[in-house]
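Order of listing sets the numbers, starting from 1, for every ligand and every atom in it. In this text the structure is predicted, and so the values were computed from the model without any measurement.
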Amino acid sequence: MTAPYRAEYIWIDGTQPTAKLRSKTKVVPAGEEPPIWGFDGSSTNQAPGENSDCVLRPVFVCPDPIRGGDNKLVLAEVLLTDMSPHPSNTRAPLAEVAKKFEKHEVWFGIEQEYTFFEGARPLGWPDNGFPAPQGGYYCSVGADEVFGREVVEAHTTACITAGLSIAGTNGEVMPAQWEFQIGPIGPLEVSDQVWIARWLLYRVAEDFGVSATLYPKPVKGDWNGAGAHTNFSTREMRGSLDACIAAAEALSAKHDLHIKNYGYAIEERLTGQHETAHWSQFRYGVSDRGASVRIPWQVARDKKGYIEDRRPNANMDPYIVTRLIVDTVCSAVEAKAKPAGARA
Ligand code: ADP
Ligand code: MN
Ligand code: MN
Ligand code: MN
């Protein structure tokens, strides 16, 4: 008889203002799929002690690159015991919106930035004072400027082994800050994969005695914050620059709603400095890294492609960000497509 395998159930908790990842292990008989499971919601800010049971329903399963063999990672959504979505479950509303606008074939590529810490200090930073000012660190090489590459390499290998659509990695402007990209794939797929890739980041770094944070402004002052630039396209945008511009205009009309939902402490990061547009303003432009939304130069040249929403924080919830973008952009397209007489 084949040995059972281990399924690591990963879920998103109810911590405010930014949810945390949790996980625990289930031993599953060989040949069986990971079943519906449960946990103590009173320990994760998801239930009161006297009625503590929450349900875990698997939504995305992949090979476990940490344990190898037949072991699996199981991303689960949280349900109440009547099998309705838990209030902290932001995936369920995305699933509805994604279905509603399915015919637009929206793709997302998310650039997840993060910062390594060792104890209370960014990895590799001196015990007293600060490293040399920013300027040389982005995409650099050499032990004087690069901190944590061994962790980044191990994480990238883990993402590939898990079968995630990881597109690349790079060292960032602030030392000890890094980025990986997931996509381009659909809204549910990219969000599930970003959450799994985040879990793998924490888990891989654990073995190096390093932690990773998604906090959007980990060091105050003249140091870049950490974002999650969200690149996206509809089928129409992939064939038309006008459609790309219309999408930027649609985002403009809903700027406040998006800013409110793009991650805690967004005003600490979107200051108008450090390659950001101020959180209170909306602006889009070609090649403009000081804009809220950037139209990449190749897109302007080819007159088709995708746009980059530069506003989301590193600590954003991809289920919320992709839902808002799909809803805002596709609703605007559909409203325009309706003949004027059809308006209520
Ligand atoms: P940047 O120059 O902003 O650092 P990156 O190379 O880090 O850009 O990220 C660009 C992202 O855009 C990639 O994750 C890629 O998958 C994504 N992307 C490329 N084409 C499309 C497209 N048509 N729709 C959505 N995302 C796309
Ligand atoms: Mn990037
Ligand atoms: Mn970046
Ligand atoms: Mn970017």
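Closest N/O/S atom of Glu111 to the Mn ion (ligand 2): OE1. Between the Mn ion (ligand 4) and the N, O or S atoms of Glu308, the shortest distance is to OE2. When distances from the Mn ion (ligand 3) to the N, O or S atoms of Glu113 are compared, OE2 comes out shortest. Considering just the N/O/S atoms of His229, the one nearest the Mn ion (ligand 4) carries the name ND1.
At the Mn ion (ligand 3), the vertex angle linking OE2 of Glu172 with OE1 of Glu179 is 90° (nearest 10 degrees).
With respect to Lys220 and Glu268, a salt bridge is recorded, a charged nitrogen being found less than 4.0 Å from a carboxylate O. Ion pairing of Lys26 with Glu8 is absent here, as no side-chain N (NZ or NE/NH1/NH2) approaches a carboxylate O to less than 4.0 Å.
Using cut-offs of 30° and 60° on the angle between ring planes, the pair Phe130 and Trp223 is parallel.
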Set out, in order, the CA-CA distance, both residues' side-chain angles and the distance that settles ring-ring contact (aromatic ring centres under 6.0 Å, His included) for Phe232 and Trp107, then state yes or no.
CA-CA 5 Å; Phe232 71 93; Trp107 297 350; over 10 Å; no
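Ring to ring, Trp199 and Trp11 are not that close: their centroids are 6.0 angstrom or more apart.
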